[in-house]
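To start, the structure under review is shown below, and the notes come after it.
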Amino acid sequence: TNCSTSFEWMCRELYHYSTMIHLLRKCFERGKEMLPKDPHMLASFLNLKLRDFYPNLDALCDDLDVNKEEILQKLEAEEYTYDPERNQFV
């Protein structure tokens, strides 16, 4: 009976861990969807994140799993440029 109890406990724990991993993956996937489509809103969103949470654009892109070049191109089309010294799009 001790083995079956341990096995049941192990199965419950594995289920909880797999559920947690699934939820974390969903959060990361939603992170990409959360980026504003409008370039002006995107610049504002990124500037807030850069100011409050990230030391530079590379760290932000890595953490949010977004393509840095796509962001730069989208914002440069609206005449925004990334200033690394200010860590902001201007």
Side-chain angles (χ1 to χ4, degrees):
T1 49
N2 197 12
C3 273
S4 66
T5 305
S6 294
F7 181 73
E8 290 171 7
W9 175 83
M10 188 171 61
C11 288
R12 280 195 307 272
E13 289 299 308
L14 285 172
Y15 173 77
H16 291 301
Y17 286 124
S18 66
T19 302
M20 199 167 34
I21 290 169
H22 175 74
L23 290 173
L24 286 170
R25 283 186 182 150
K26 286 273 190 201
C27 288
F28 282 116
E29 289 169 6
R30 287 188 184 141
K32 289 182 184 179
E33 296 170 11
M34 285 177 37
L35 288 179
K37 304 293 183 208
D38 177 77
H40 304 291
M41 294 298 292
L42 178 60
S44 178
F45 173 83
L46 294 174
N47 281 340
L48 176 123
K49 293 289 189 182
L50 289 164
R51 182 191 72 213
D52 294 345
F53 302 107
Y54 297 99
N56 56 51
L57 184 59
D58 290 323
L60 180 146
C61 291
D62 288 344
D63 190 45
L64 297 181
D65 193 28
V66 293
N67 186 306
K68 179 181 172 181
E69 294 307 316
E70 287 178 16
I71 288 175
L72 290 172
Q73 287 176 358
K74 185 171 189 173
L75 292 179
E76 284 173 357
E78 297 296 323
E79 298 185 8
Y80 287 101
T81 57
Y82 177 67
D83 180 349
E85 288 185 23
R86 293 175 60 186
N87 193 31
Q88 296 282 287
F89 282 94
V90 291

Euclidean distance, [Y] [atom2] relative to [X] [atom1], rounded to 0.5 Å:
{"X": "Ser44", "Y": "Lys49", "atom1": "OG", "atom2": "NZ", "answer": "11.5 Å"}
{"X": "Lys68", "Y": "Leu60", "atom1": "NZ", "atom2": "CG", "answer": "10.5 Å"}
{"X": "Asp63", "Y": "Asp58", "atom1": "CG", "atom2": "CG", "answer": "12.5 Å"}

Check your understanding: Should His40 and Tyr80 be marked as a side chain to side chain contact (heavy atoms under 4.5 Å, CB included) after you check the CA-CA gap, both sets of side-chain angles, and the distance that decides it?
Key -> CA-CA 9 Å; His40 304 291; Tyr80 287 101; 3.0 Å; yes

Review point. How about Phe89 and Leu42: do any of their side-chain heavy atoms sit closer than 4.5 Å?
Key: no

Exercise for review: List the steps and the verdict of side chain to side chain contact (heavy atoms under 4.5 Å, CB included) for Leu48 and Arg51.
Suggested key: CA-CA 5 Å; Leu48 176 123; Arg51 182 191 72 213; 3.7 Å; yes

Practice item. May I have the step-by-step check of side chain to side chain contact (heavy atoms under 4.5 Å, CB included) for Tyr54 and Leu64, ending in yes or no? Key: CA-CA 11 Å; Tyr54 297 99; Leu64 297 181; 4.0 Å; yes

Exercise for review: Test Tyr82 against every option in Leu57, Asn47, Val90 by the side-chain contact (heavy atoms from CB on, under 4.5 Å) rule and name the one that passes.
Suggested key: Leu57

Check your understanding: Can Ile71 be reached from Phe53 by stepping across I, L, V, M, F, W or Y side chains whose heavy atoms are under 4.5 Å apart?
Key -> yes

Review point. Is it true that a side-chain atom of Lys74 and a backbone atom of Lys37 form a donor plus acceptor pair closer than 3.5 Å?
Key: yes

Check your understanding: Nearest heavy-atom pair of Asn56 and Asn87: which atoms, and what distance?
Key ->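 Scanning both residues, the minimum pair turns out to be CA-OD1, 3.2 Å.
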
